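All heavy atoms count here, side chains included; hydrogens, waters and symmetry mates do not. In this text, all values refer to a predicted model and were calculated from it rather than measured experimentally.
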Amino acid sequence: MDEMDPFEARLLFGNMLDNLTGAQPTIDRVSGFALKHTAMADDLLDCIADKLDKLQVPPRLNLLFVVDAILISSNRSSSQTWADLIKKNIVATVTAVIPETPGGDSNVPQVRKVVSGWKRKSVFDKGVMEKLDKLLGKRSGGATSESGMRHEDILKRIEEDRERHKRHKEDVWIRPAGEVPENELELYWETASDFNDADWQEIAVENEEYQQERQLAEIVRKSM
């Protein structure tokens, strides 16, 4: 099969981004297309950047989920191509997803979780992670109900967040094919650290999401 030309790739990828939602199957479909056409990574990242500028704030989070899926998959295969390209603009990308608006505030908890995953898997170097940590700083996540999203969209996001959280927990246990069991134990022994600020931050994120879900559940209950 002939290699797809850049124009066709951008056209198809752009159409996929137009139909992107927070549902995991659509995120997997878009990220899978990107990974299949790594030779056109620059063009595809341009498409993501263009789409980011055109979207309302809440759904920009879905684009970050695509970027995250690409990074995690390429990191698992020990490929640095995507990470090297993405890190050039990752701070600007995250900034666009969490502007200081109600919509941006509602995206903060999920962005914290994504960034925490990158830190845990050493996707980016220390310098990039420090910039992202500084960007998030003491930003608190606003209630999704205050983001201007419709009632149906709020319920949809709750369900999508739950599914994604489940997938992320499963991802922790995915190991390379053919790995010797003792190697996994040795890896955890060597990389496990003392309880630190990153762990406290992850607990805070989990608690923040829990409180938001309780608030949203109460809103839904009262609206019924």
Side-chain angles (χ1 to χ4, degrees), residues 12-35 44-45 47-74 82 86 90 92-99 101-118 121 123 132 135-136 139-172 174 202 205-217 219-220 223:
L12 286 173
F13 193 62
N15 184 61
M16 294 173 77
L17 292 178
D18 288 339
N19 294 287
L20 177 67
T21 70
Q24 195 62 46
T26 69
I27 293 170
D28 291 342
R29 191 178 308 120
V30 176
S31 61
F33 180 91
L35 290 163
L44 301 184
L45 287 175
C47 288
I48 292 176
D50 290 342
K51 188 67 176 177
L52 195 64
D53 290 336
K54 297 173 183 176
L55 281 176
Q56 294 293 319
V57 173
R60 292 178 187 177
L61 183 62
N62 298 334
L63 292 174
L64 187 68
F65 289 147
V66 169
V67 171
D68 178 51
I70 292 171
L71 285 169
I72 298 305
S73 293
S74 57
W82 281 101
I86 289 173
I90 192 59
T93 299
V94 173
T95 299
V97 176
I98 55 167
T101 64
D105 290 343
S106 72
N107 286 342
V108 168
Q110 286 297 323
V111 172
R112 283 191 190 281
K113 181 165 289 187
V114 169
V115 171
S116 177
W118 295 343
K121 294 177 181 293
V123 173
L132 291 173
L135 176 62
L136 285 164
R139 288 283 300 277
S140 60
T144 307
S145 57
E146 299 172 355
S147 67
M149 296 173 67
R150 295 180 304 168
H151 179 74
E152 314 88 80
D153 293 334
I154 292 174
L155 295 178
K156 186 178 179 182
R157 173 175 279 198
I158 292 174
E159 187 56 37
E160 290 169 348
D161 287 349
R162 284 174 176 164
E163 177 62 22
R164 192 160 28 254
H165 185 60
K166 177 183 176 183
R167 289 285 294 271
H168 279 190
K169 282 186 175 295
E170 292 172 349
D171 183 64
V172 172
I174 295 176
E202 192 158 351
V205 170
E206 295 281 352
N207 181 61
E208 193 169 20
E209 288 186 342
Y210 170 71
Q211 295 299 334
Q212 281 197 6
E213 286 201 7
R214 288 189 61 188
Q215 292 172 12
L216 290 169
I219 291 170
V220 172
S223 68

Worksheet entry | Least distance between heavy atoms, Leu35 atom then Ser73 atom | CD1-CB, 3.4 Å
Worksheet item: Can you tell me how far the OG atom of Ser116 sits from the CG atom of Leu132, to the nearest 0.5 Å?
Response: 12.0 Å
Item to complete: Identify the two heavy atoms, one from Val97 and one from Arg60, that lie closest to each other, and give their separation to 0.1 Å.
Response: CG2-O, 3.9 Å
Worksheet item: Would you say the side chain of Thr101 lies within less than 4.5 Å of the side chain of Asp105, judging by non-hydrogen atoms?
Response: no
Worksheet item: If we only count heavy atoms from C-beta on, is the Ile70 to Val66 side-chain gap below 4.5 Å?
Response: yes
Discussion item. As an exercise, state the distance from CG of Leu135 to OG1 of Thr95, rounded to the nearest 0.5 Å.
Written reply: 4.0 Å
Worksheet item: Less than 4.5 Å apart, any side-chain heavy atom of Val67 and any of Trp82?
Response: no
Worksheet item: Under 4.5 Å between any side-chain heavy atoms of Gln110 and Phe65, yes or no?
Response: yes
Discussion item. As an exercise, state the distance from CD1 of Ile98 to CG of Leu136, rounded to the nearest 0.5 Å.
Written reply: 4.5 Å
Worksheet entry | Between CG on residue Asp53 and CG on residue Leu63, distance to nearest 0.5 Å | 10.0 Å
Practice prompt. With rounding to the nearest 0.5 Å, note down the distance linking CH2 in Trp118 to CD1 in Ile90.
Written response: 3.5 Å
Would you be so kind as to tabulate the donor-acceptor pairs closer than 3.5 Å made by side chains of residues 16-23, with sequence neighbours excluded?
unit_1 : atom_1 : unit_2 : atom_2 : d
Asp18  : OD1    : Lys51  : NZ     : 2.6
Asn19  : ND2    : Asn15  : O      : 2.8
Thr21  : OG1    : Ala23  : N      : 3.1
Thr21  : OG1    : Thr26  : OG1    : 3.3

Worksheet item: Which heavy-atom pair separates Ala34 from Leu44 by the least distance, and what is that distance?
Response: CA-CD1, 3.7 Å
